[in-house]
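By convention in this document, chain letters (A, B, ...) are assigned in the order of the sequence lines, proteins followed by strands, and residues within each chain are numbered from 1.
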Number of protein chains: 2
Amino acid sequence: MESKKLRIVDIARLAGVSTGTVDRVLHNRGNVSKAIEARIRAIIEQLGYEPNIIASTLGSNKKYKLAALIPSFEKDPYWEGPYNGICEGEQEFAPFELSVDSYFFHLESSDSFLQQSERVLQAKPDAILMAPVLLRESLSFFQKCKAAGIPFALFNTDVPSEDALCYIGQDSFQSGLLAGRLMSYSINQGGRVALIHIDEDLDNSPHLVKKEEGFFQFFGQKAYQHFKPERYIIQSGTGSGLEAQLTDIIDKKEALCGIFVTTSRAYRIASALESLSPKPSVVLIGYDLLHKNLQYLEKGLIQFLINQNSHGQGYWGIVHLAEFLLYKRVPDKRKYLPLDIITLENARYYPAL
Amino acid sequence: MESKKLRIVDIARLAGVSTGTVDRVLHNRGNVSKAIEARIRAIIEQLGYEPNIIASTLGSNKKYKLAALIPSFEKDPYWEGPYNGICEGEQEFAPFELSVDSYFFHLESSDSFLQQSERVLQAKPDAILMAPVLLRESLSFFQKCKAAGIPFALFNTDVPSEDALCYIGQDSFQSGLLAGRLMSYSINQGGRVALIHIDEDLDNSPHLVKKEEGFFQFFGQKAYQHFKPERYIIQSGTGSGLEAQLTDIIDKKEALCGIFVTTSRAYRIASALESLSPKPSVVLIGYDLLHKNLQYLEKGLIQFLINQNSHGQGYWGIVHLAEFLLYKRVPDKRKYLPLDIITLENARYYPAL
DNA sequence: TTACTTATCGTGTGCGCACACAATATGTGT
DNA sequence: ACACATATTGTGTGCGCACACGATAAGTAA
């Protein structure tokens, strides 16, 4: 027979004190003599008491309020993923009187970030989940959080910080390696391969650089010397259009046979490729299940997408913060989410954007 | 300002009755006049009352007991996945006074299944999660569950049944299609490709047949006519050894360039390939992250593994049953889990076996 | 009418915990 | 001895719900 779960009253009885005293010990509220505290702690330790979280949330009328500081997805549908994940996490913990308020800032606007981060602090949440895509601004925000004693978790961009509770996201280097592998399988005779950044602020985007390093490292292996990886940066706003710049890349002495786009914007390359004639035969690998990407996956213009699991990043961010608050469970510093490989055949099983 | 969550007392007050009456309506306990019941239901409907699950589990002292009827993983490590997932699900719902007992049967033993299924019924669980790998025996067990009024969910093998609450697992046909796709990418010049069943009872394994259909359908597309898929069944116990049978398959007029193994036993083919000399250059695609498979993935003898997400099957099975019991949430009849594509670069992010 | 069922409804207690507050013990100074 | 401050401990109430049980109303037979 299994012994009944022990309760605070059981411990109190065993220690020869009242439940109030045990409660004070459990919550480090002080006002307990050292002798009795030690006795109670010993019993808790030995019998392995674990509080009943259900009764606890019911008994304390505490409501937990989380804040999510994330990019708006008006311009870039990628960011709808984390938001959906955050909502899912919120739902899961709603019975525990936990709610999440989302604050959206514009990706390219430092002002917008500052403004929203200020609103977050004013709301005095119990914890914060944020995407530190703006490096400098985020670092100073970290300080404010620390000063205010508010724990915070990061996702999407791994900004090393002692103060952050944890980071949730992909391992960007490994992600680049994987892209290399997929490229090598799809073009097994070798040839010219291009890595393309589109409209990115590389100085402020360490994760993109990591992807790049992984990609080139893969083709640095001696088994893959017959591949010739090249690196391009395209600014769609400047000079000639995207098609023209792409044509320049493709039409060299040796034909290009593979393109790796480091962000979710592969659809723009696919679109450009589609409009060229004759349509070049190029393997295209990109990121994330944006509807536009999926369209080109169906058309056969994109061969592989690597899913950065943006949904999961939001979801796990909330889960880790919630468990930290509710169960005092300290998460691992880094939670790496899977790098899902997507083709036409399995795309339907992953959340699209 | 957001209105307070409404409680049973609120409804009672609005309806001009006591909480006891509202409670009777909520739980269909009868003994309520039709007029008042209608009034209460109208209020519940309009105001969108939702019971506080926390207070509910605390108030009712009900303990839920689930049973998992699953293959033992002594012989086949694949089955450790569902078990681990079941344990994870159990942990998640432990605060809600829900526990899971696992009953293991031997894959090849009908007797063992009958015996364990009998134990399950005697334990009178509130719901059952099972892997109906033994078709006939499972069907008769379904009847017993139905007679006993115990809801049951299925995973791994999709045995259509009106009585089952739901099925959790992969879409086997789609899985075969995916294998075809991966094969086509890895060998883009085409050639002889073999689908191999190893030691399987195909008559009793409809999901393997589905995979086969998907695989052949993929190569039936006119874009892939340069592939010549062939079908083989290997019985390692009979006649010549596995190596010999494999050699027969490989050494025909035209060389074999791809092998698709329909189960988690690709490592056996890899092992055989390794021992042949000269080592043939063959693309090998299999299933699941068994440690043995991962070893050959590292050695480069296996190119792709498709993860059947056995862990997730157990986990979601428990989650669906728990939510059904706790929240009366009726799950979708079919929950298809992702077909994860695994290479050396992303294997570490998925649970191994 | 009374006595007695039966249908319907209200009340009280407990689940395990958190927390405010009351109660007691201990110590100090006069 | 006293009053009083401080340290320590105990008690009571409520969180929202489930459920047993008691209470009341309505109906029936005598």
Of A:His27 and B:Gly16, the one whose nearest nucleotide on DNA chain C sits closer to the 5' end is B:Gly16
Check whether any side-chain N or O of [X] sits under 4.0 Å from OP1 or OP2 of [N], and answer yes or no.
X	N	result
A:Ser33	D:dA7	no
A:Ser60	D:dC15	no
B:Tyr49	D:dG16	no
B:Thr21	C:dG10	yes
B:Arg7	D:dC17	no

Taking the side chain of [X] as its heavy atoms from C-beta onward, which of [options] lies nearest to it?
X	options	result
B:Ser56	D:dC17, C:dG10, C:dC17	D:dC17
B:Ile8	D:dT9, D:dA18, C:dC9	D:dA18
A:Arg24	D:dT9, D:dA18, D:dG16	D:dT9
A:Thr19	C:dA18, D:dC17, D:dT11	D:dT11
B:Asp23	D:dT11, D:dA18, C:dA18	D:dA18
B:Leu58	C:dC15, C:dT11, C:dT8	C:dC15
B:Ser18	C:dC19, C:dT8, C:dG10	C:dG10

Whole-Å gap separating [atom2] ([N]) and [atom1] ([X]):
X	N	atom1	atom2	result
A:Asp10	C:dC15	CG	P	11 Å
A:Arg29	C:dA20	CZ	C1'	10 Å
B:Lys5	D:dC17	NZ	P	9 Å
A:Asn61	D:dG16	CG	C1'	10 Å
A:Leu26	C:dC19	CG	C1'	13 Å
A:Lys63	D:dG16	NZ	C1'	11 Å
B:Ile11	C:dG10	CD1	P	14 Å
B:Asn52	C:dC15	CG	P	18 Å

Open item on the list: Counting the atoms with a prime plus P, OP1 and OP2 as sugar-phosphate, which does A:Val9 contact under 4.0 Å by heavy atoms, base, sugar-phosphate, or nothing?
Closed with: nothing
Could you tell me whether A:Glu118 and A:Lys144 have a side-chain N and a carboxylate O separated by less than 4.0 Å? yes
With a 4.0 Å cut-off on N to O distance, would you call A:Asp171 and A:Arg334 a salt bridge?
no
task: State yes or no: are the ring centers of B:Tyr83 and B:Phe104 separated by less than 6.0 Å?
output: yes
**Study point:** Geometric cation-pi criterion, A:Lys62 with A:Tyr64: 6.0 Å, 45°
**Key:** yes
Taken to the nearest 0.5 Å, the spacing of A:Ile11 CD1 from A:Ile43 CD1 works out to 7.5 Å
TODO: Give the ring-plane orientation class for B:His320 versus B:Trp316, where under 30° counts as parallel, over 60° as perpendicular and anything between as tilted.
DONE: tilted
